[in-house]
Each structure stands twice: as C-alpha cells, then as structure tokens.
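Numbered from 1 within each chain, the chains take letters A, B, ... in sequence-line order. The figures here come from the full heavy-atom set of this structure, side chains too, leaving out hydrogens, waters and symmetry mates.
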There are 2 protein chains.
Amino acid sequence: MDQFVSTFTNKIDNKGRVSIPASFRTVLAKDGLEGIYCYPSLDAPALDAGGQRLLNKINTLVEDLAPYSDERDQLATALFGTSEILTIDQDGRTIIPERLREHAGITNQITFVGLGEKFQLWEPKRFEAYQAEARQKVRDLRKLLGAGRRDRGGPEGARE
Amino acid sequence: MDQFVSTFTNKIDNKGRVSIPASFRTVLAKDGLEGIYCYPSLDAPALDAGGQRLLNKINTLVEDLAPYSDERDQLATALFGTSEILTIDQDGRTIIPERLREHAGITNQITFVGLGEKFQLWEPKRFEAYQAEARQKVRDLRKLLGAGRRDRGGPEGARE
DNA sequence: GTTCTTCCCATTGACGCCCATAAAATCCCA
DNA sequence: TGGGATTTTATGGGCGTCAATGGGAAGAAC
C-alpha cells in the first residue's frame, strides 16, 4: 500500500514524543524522505503531513505561479515558511514543535488521519467534529451526483 | 467469476477473527489488493468493502477535485479517514476494528452480502430487516411499472 | 554543573503465523 | 448413480513477533 489510509490516535508522552502509526511509516519509508514534511493546514485547525511526494506537489504548485508575483511569494511563505521536516527516531516516534502543536490545539493526544497522498494531525476532539461534518457533506454531495442515476444499479464510486 | 455474489453469515471467534467467504476471497485475489478496503456505509448501518477496483474509484473521485482545496480534504477525510485496509491472514480471516463494528452494530456474527463490484458486511438481524424492506420496495415499484416483468428477477442484492 | 536531545532497553498487549479439527463440498470410481 | 475418499472451508487455540509506550543512560548544548 502506498497511500495513507485510516485514522489512529496516539499519546504524546511526557518527553513530547508520539508514535507515528506503523502503516504511515511504511508509506513514508517507500516515499524516500528521511522524515515527515509537515505544515499547518490552510483551511483547518490541523497539520498537513507527508513525504517526498507531497513536497514535490507543493513545489509544482508554487512553480506554476508567475515568478516574482505576489501570489507566488505569499503561497511560498504560507507553505514553506511554516513547514518543518520532522525527524523520526528509531522507535518510529517524532516530536511536534510547539508552534505546530499550537495551530492544531494539540496537547497530549494526536489523531492521525490518512487522506491518501498525505495525512493530517488533529486534536482528537476537534477531529471528531470535523469528521462528522465531512461525512454529512459527502452525503449531500452524493445526492447531487447520484440523483437520477440510481436505476443504473451501479453504486457510483461513492458509498451507498 | 470476478464479482461478489450471494450472501454468507460467519462467526466472529473470541479473538475477533472472521472468515471471509471463500468466493469473495477469490475475487479479491484477482483484484490485486493485499487486503480489503473497508469503510462505513454512508446511508446504512453496514460496512462497504472491496478490493483495488473499489479503491481506484474512490481515488478518482478525490483526485477530480482541486488540489489543496478544503472540499478535497473534506472528501478525503470522509472517505480515507474512515476507511481501513483490512488484512487477510493465511487462513482467509480478518479482524474488523471496533470502530467499524460499532457503525454496523456487529457483535459476534457477520453477514457478507455480495453486490457485484463490492460487498457489504451486516449484523445478521439488521440485514434481514433491511432485505425484507428492500424486497417490499421492489414489489411496490413493480406494481407501478406494470405487471409482467418478472424476468428482471428480484434484486436480492441489497442496493439501497 | 544543568538542561535538552538522542539512543537503547523493558513491558504489555495486539496481531500474524502455525497447526488442529470438524463440517461441507467436490471428486472419483465402481 | 451412489457412496466413499479427498479436498476445501470454517473455526478454535498456542505462540512468537511487532507496535505503542514508558523510562533510563549517554552525549551535546548552554
């Protein structure tokens, strides 16, 4: 598997360490980055994280904008300026810097959420609320997509 | 055969393991995913499950949205965040995590329902009720459409 | 010296791997 | 075609390995 899937909630110990879920570590290892690329999510009180592939995508995104444009500088600042490369120790744990923890309101537990090509880090309670909201949105979305095609019998990608 | 067909009810043993029906395993094996992609059904107290083909559909759905938009993150959260890649042991059994069992109200038995390209996991009693209801709906529908079309055969498969 | 970080070890519980058994399906052969 | 033999399936249990977590020791920074 080369995608981040599922959610895990792990503890932060009194040294500030937290275990990266084993399956996420596997994906990261294949990805070829010695660590975790991590920055505050733009639209949510959470952290976005991933490996080399995510880093490349961000690069592409920035490079596609006109050089020396305000947009480009702003995007680069927003993404790279706030990013960290988190190291993973030999037991599969990492330490989240205070600045990042603060953005996500993380204190002593972290929920790791797989989003396919990347994953997010959430304060567990906040994530619960966000997930309920997200599920509702997908339900609504599916109704729009699915209206009038139910008779096909084929569940269109989305869930039944 | 490359489709999930028929229904089976198997026991969950005291280690939490349940046998995947052999015919489903065959389909999954051909599909090329080392495990079962599984998530809570959006509209039913059940679990949706499938292999690589199902996973690809979900991927396509997410990738069609603009990168780094909050819509995309929300969709990915609802889809990947609630999913699990269930491993299949060498005896053809798997373990359903508590979070998924809870959504479907599953305790010690599981009904596997083939839906063609995917299948569902139900608590047996709930499935029975759901199936009866679905049949009734089909009967009503047939009346509206006009008698004499029995050839369609009853969609026993529980598609919504 | 103290503080902070990095590395290493211990514990516990969960999970994967192996084997055993019994029931069911399938095959085979007279 | 019928009935026994073989293979597949479903299920139960033992055991070793790995993941998550806590704590300590060695080393670097202040």
Side-chain angles (χ1 to χ4, degrees), chain A residues 1 4-30 33-36 38 49 51 84-102 106-114 119 121-124 127, chain B residues 1 4-30 33-38 47 49 83-102 106-114 119 121-124 127:
Chain A
M1 177 56 51
F4 300 104
V5 174
S6 182
T7 80
F8 307 84
T9 296
N10 289 341
K11 280 182 65 175
I12 297 180
D13 68 19
N14 47 28
K15 287 171 147 184
R17 301 173 300 185
V18 62
S19 292
I20 309 296
S23 72
F24 287 14
R25 294 203 301 264
T26 310
V27 179
L28 287 167
K30 279 190 190 162
L33 178 64
E34 269 305 300
I36 304 174
C38 183
E84 301 273 352
I85 306 286
L86 307 179
T87 60
I88 304 179
D89 72 20
Q90 59 194 23
D91 292 333
R93 290 182 280 198
T94 191
I95 294 180
I96 316 287
E98 167 62 22
R99 185 166 52 80
L100 293 179
R101 284 205 310 273
E102 194 183 339
I106 288 168
T107 56
N108 58 351
Q109 281 201 315
I110 299 185
T111 296
F112 295 81
V113 185
F119 61 96
L121 286 70
W122 284 81
E123 194 284 320
F127 174 67
Chain B
M1 177 60 58
F4 301 105
V5 174
S6 182
T7 79
F8 308 85
T9 296
N10 290 340
K11 276 184 66 176
I12 297 179
D13 69 20
N14 48 26
K15 288 169 86 173
R17 299 172 301 186
V18 61
S19 292
I20 310 296
S23 71
F24 287 16
R25 294 203 300 263
T26 310
V27 180
L28 286 167
K30 279 190 189 162
L33 177 65
E34 271 303 301
I36 303 174
Y37 182 65
C38 183
L47 306 174
S83 302
E84 300 278 350
I85 306 287
L86 307 179
T87 60
I88 304 179
D89 72 21
Q90 58 194 27
D91 294 330
R93 289 180 285 195
T94 191
I95 294 180
I96 315 288
E98 166 63 24
R99 184 161 53 83
L100 294 180
R101 285 204 311 273
E102 194 184 338
I106 288 168
T107 56
N108 59 352
Q109 280 200 316
I110 298 185
T111 296
F112 295 82
V113 184
F119 60 96
L121 286 71
W122 284 80
E123 195 285 320
F127 175 66

In whole Å, what is the span from the CD1 atom of A:Ile96 to the P atom of C:dT5? 14 Å
Atom-pair distance (CG on A:Asp89; P on D:dG22), nearest Å: 14 Å
Would you say A:Gln90 places a side-chain N or O within less than 4.0 Å of OP1 or OP2 belonging to C:dC8? yes
Got a donor-acceptor contact below 3.5 angstrom from the B:Thr94 side chain to the B:Thr87 backbone? yes
Euclidean distance, atom CD1 of residue B:Ile95 to atom C1' of C:dA14 [Å, nearest integer]: 8 Å
Between C:dC15 (P) and B:Leu86 (CG): distance, integer Å: 11 Å
OP1 or OP2 of C:dC15 versus the side-chain N and O atoms of B:Thr87: is any pair under 4.0 Å? no
4.5 Å side-chain heavy-atom contact, A:Ile88 and A:Leu28: yes
Under a 3.5 Å distance rule, please check whether B:Asp13 uses its side chain to pair with a backbone N or O of B:Lys15 as donor and acceptor. yes
If I take atom CD1 in residue B:Ile88 and atom P in nucleotide C:dC17, what distance separates them, rounded to the nearest angstrom? 12 Å
Counting distance only, does the side-chain N/O of A:Asp91 pair as donor-acceptor with the main-chain N or O of A:Arg93 below 3.5 Å? no
Validation row: B:Ile110, B:Asn10 side chains within 4.5 angstrom (heavy atoms): no
Decide if the gap between the ring center of A:Phe112 and the ring center of A:Phe8 is smaller than 6.0 angstrom. no
Taking protein heavy atoms under 4.0 Å as touching, what does nucleotides 10-15 of chain D look like 5' to 3' if B marks base contact, S marks sugar-phosphate-only contact and - marks none? SBBBBB
